[in-house]
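Model, not experiment: these values are computed from the prediction. So that the names make sense, note that chain A is the first sequence line, chain B the second, and so on, each numbered from 1.
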Amino acid sequence: MSIETLKKQIKEGISTAIEKAFEVKFESEIKLEIPPEEQNSDFAFACFPLSKILRNAPFKIASQIAENFPETDFLEEVKAVGPFLNFNLKKESFFKTAIEQILEEGESFGSTDFGEKQKFLVEYSSPTTNKPLHLGHIRNNFLGISISRILKMAGYEVETVCLYNDRGIQICKSMLYYEKFENGNTPEKAGMKPDHYVGDLYVKFSKLEKEQPELTEEVQEVLQKWEDGDEATIALWEKMSDWVYEGYNATYKRLGSSFDYTQFESDTYKLGKEISLKGLEKGVFFQKEDSSIWIDLTNEGLDEKLVVRKDGTTVYITQDFGTAAERSEKINFDKMIYIVGNEQEYHFQVLFKILKKYGFGWADECFHLSYGMVDLPSGKMKSREGTVVDADKLLDELKNIAKEKMRTDNIEMNETEIEELAEAIGHGAISFFILKVHPNKRILFNPAESVDFQGMTGTYLQYSHTRICSILKKFGKNLPMEVDFSLLAEPEEVAILRLISNFPEIVKEAAIGQNPSKIASYSYLVAKNFSKFYDRHSVLSLENESQIQARIALLQAVKITLANSLYLLGIKAVEKM
RNA sequence: GCACCGAUAGCUCAACUGGAUAGAGCAACAGCCUUCUAAGUUGUAGGUUGAAGGUUCAAGUCCUUCUCGGUGUACCA
């Protein structure tokens with residue numbers, strides 16, 4: 001017995017009632033809805049879509065179905081409210097079914113087989129390796145972490161991949177500045193986090209370049225040397241790249257990012273060029289008089305697009321052929337999603353069309369999850385102008401605020417625990433702040449006001465979780481095999497039951513829409529309903545031990561649901577705060 | 001110019017993908033701690049969903065036009 005079977009039985013009942021009342025075979029999919037709270041019902045069915053098929057007014061259909069609904073042992077009542085049908089389950093069996101299922105499934109509660117084990121490859125983060133990560137990357141990483149977890153819970157097999165854009169003119173700028181002015185310096189000697197050190201050189205170079213335009217030519221020479229494989233240049237490039245990765249890894253760890261695969265543009269661009277040449281043979285691409293290679297997309301409503309320059313060097317999009325092809329070969333995915341900002345929409349439109357034309361059938365299974373920019377009140381973040389919100393600094397800042405606000409009087413904690421907790425709260429706050437917004441939308445980030453610890457925030461979710469933990473810990477016993485679920489009947493308890501039993505459905509919706517904000521609003525609702533319950537009812541001080549047990553069972557189920565949705569948001573479910 | 005995205009309460013966001021009276025948080029005001037953590041909770045106030053048409057039994061959601069904001073339209077990445 002599961003929540004799913006309960007719903008299935010209702011759907012079957014509806015079909016049967018329709019057939020009985022209208023004498024037609026009814027086979028189309030029935031969609032149960034969650035009724036508005038005021039209706040005080042568990043499930044609802046809207047009869048409007050039936051009115052054409054059954055040639056009857058919706059309100060009439062509703063009452064007919066209600067009248068002809070078969071006898072069941074799990075339903076309390078079926079009532080027609082205008083054109084809607086509202087269903088109320090017998091509360092004892094609803095509580096029993098849902099809670100037992102949740103407690104049994106534990107960490108995997110929320111999982112469905114919706115994705116049919118198809119392999120979903122998720123690319124995210126993919127930074128340009130000449131500067132530290134900033135707020136824009138934070139949004140990207142949080143989306144990547146969350147979406148990959150959501151897809152997994154929805155029944156896909158998920159692999160993550162990060163592509164490092166590790167070649168090109170930007171990294172050469174940092175290299176040139178280093179050679180000219182840094183005199184064998186290291187991040188360690190400079191006392192800086194290594195990616196910040198490299199990023200600093202880039203900013204310094206950009207400033208200098210404005211005064212000394214001849215530097216631009218010098219950088220081109222460095223790039224040329226790099227392309228020619230000049231030993232000293234490659235060695236310097238490797239040294240500086242390693243510094244950047246060292247820095248990134250620290251930040252990724254804080255963010256919660258992890259990747260099953262990594263790729264480097266410095267590898268894949270060669271493969272991209274090979275594909276371009278092969279495509280030329282196949283007649284997919286064509287060559288102009290100056291020997292540059294192009295593809296004609298005018299039939300697809302796009303333009304002609306250059307893929308290899310006349311001097312044989314490749315452009316940005318070329319490496320993406322190689323990157324994608326390598327993935328298909330090595331990882332063999334069914335679907336692939338690129339989590340990249342919306343400024344690159346056209347780029348991906350072109351890329352997918354080219355892959356398709358080249359003959360990669362899987363191009364149809366590639367998607368661009370395009371998310372809105374994160375802007376500051378002062379406008380766009382520009383790394384060259386130093387107006388970026390740095391990822392590490394932001395995390396530090398939030399951690400410090402969390403630490404200041406922490407009340408250590410009530411709870412026993414040692415130094416390490418306090419540090420970890422402050423980190424978790426700061427991280428949770430920014431994570432929720434970003435993920436609660438639909439990916440399509442641009443985020444305006446006001447550092448002074450944006451991230452809060454009160455109201456609809458990550459902190460609130462964590463706080464609710466700790467309150468549950470605290471009760472469970474004080475209870476301190478195992479529940480008996482048989483819990484008397486008939487003792488749960490308070491409106492606040494029923495409201496929670498309805499919510500948590502809908503979790504798998506929400507996960508599925510979030511997966512379909514590739515939209516973590518669904519999970520964010522949902523988890524807030526769960527926490528909110530728990531808080532209401534907490535405020536109005538006590539658990540441990542009850543006289544009746546059986547009633548305590550019933551409520552404990554409910555709270556265990558709430559804890560699991562809340563913890564699982566926090567996991568999907570990449571937020572740590574802490575036990576005390 | 002063309003293409004894509006956004007516009008919902010003073011501010012920041014939701015709205016089960018077309019369904020029941022458009023909901024939260026922040027900010028403002030007024031209550032609630034001898035009781036499992038007050039980073040909580042209850043209430044008040046706040047709306048012509050950017051504008052105008054259209055489709056539908058039903059539109060914040062779909063179609064058309066317009067306004068404002070963003071992004072793209074590179075032999076940059």
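- Nucleotides B:A24 and B:U44, compared at atom P, are 11 Å apart to the nearest Å.
- Ring to ring, A:Y338 and A:H347 are not that close: their centroids are 6.0 angstrom or more apart.
- In this structure, A:R167 satisfies the cation-pi test against A:Y269, with its NZ or CZ atom closer than 6.0 Å to the six-membered ring centre and inside 45 degrees of the ring normal.
- You can call A:F84 stacked on the base of B:A20; the centres are under 5.5 Å apart and the planes sit within 30°.
- B:C57 shows a glycosidic angle more than 90° from 0 and is accordingly assigned anti.
- Here B:U41 is the nucleotide among B:U41, B:C16, B:U37 with the atom lying nearest to any side-chain atom of A:K532.
- The side-chain tip of A:K305 does not point at the ring of A:W294 from less than 6.0 angstrom away and within 45° of straight on.
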**OP:** Can you check each nucleotide of nucleotides 68-77 of chain B against protein heavy atoms at under 4.0 Å and return B for base, S for sugar-phosphate only, - for none, in 5' to 3' order?
**Re:** ---SSS-BSB

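- Near RNA chain B, meaning a heavy atom under 4.0 Å from it, residues 430-440 of chain A has A:K436, A:V437, A:H438, A:N440 in order of number.
- Across the C1' atoms, B:G70 and B:A28 are found 32 Å apart, a figure rounded to whole Å.
- In terms of phosphate contacts, A:S470 brings a side-chain nitrogen or oxygen within less than 4.0 Å of OP1 or OP2 of B:U37.
- Contact check, A:K474 against B:U37: a side-chain N or O comes under 4.0 Å of OP1 or OP2.
- The cationic group of A:R467 lies under 6.0 Å from the six-membered ring centre of A:Y534 and within 45° of the ring axis, placing it in a cation-pi geometry.
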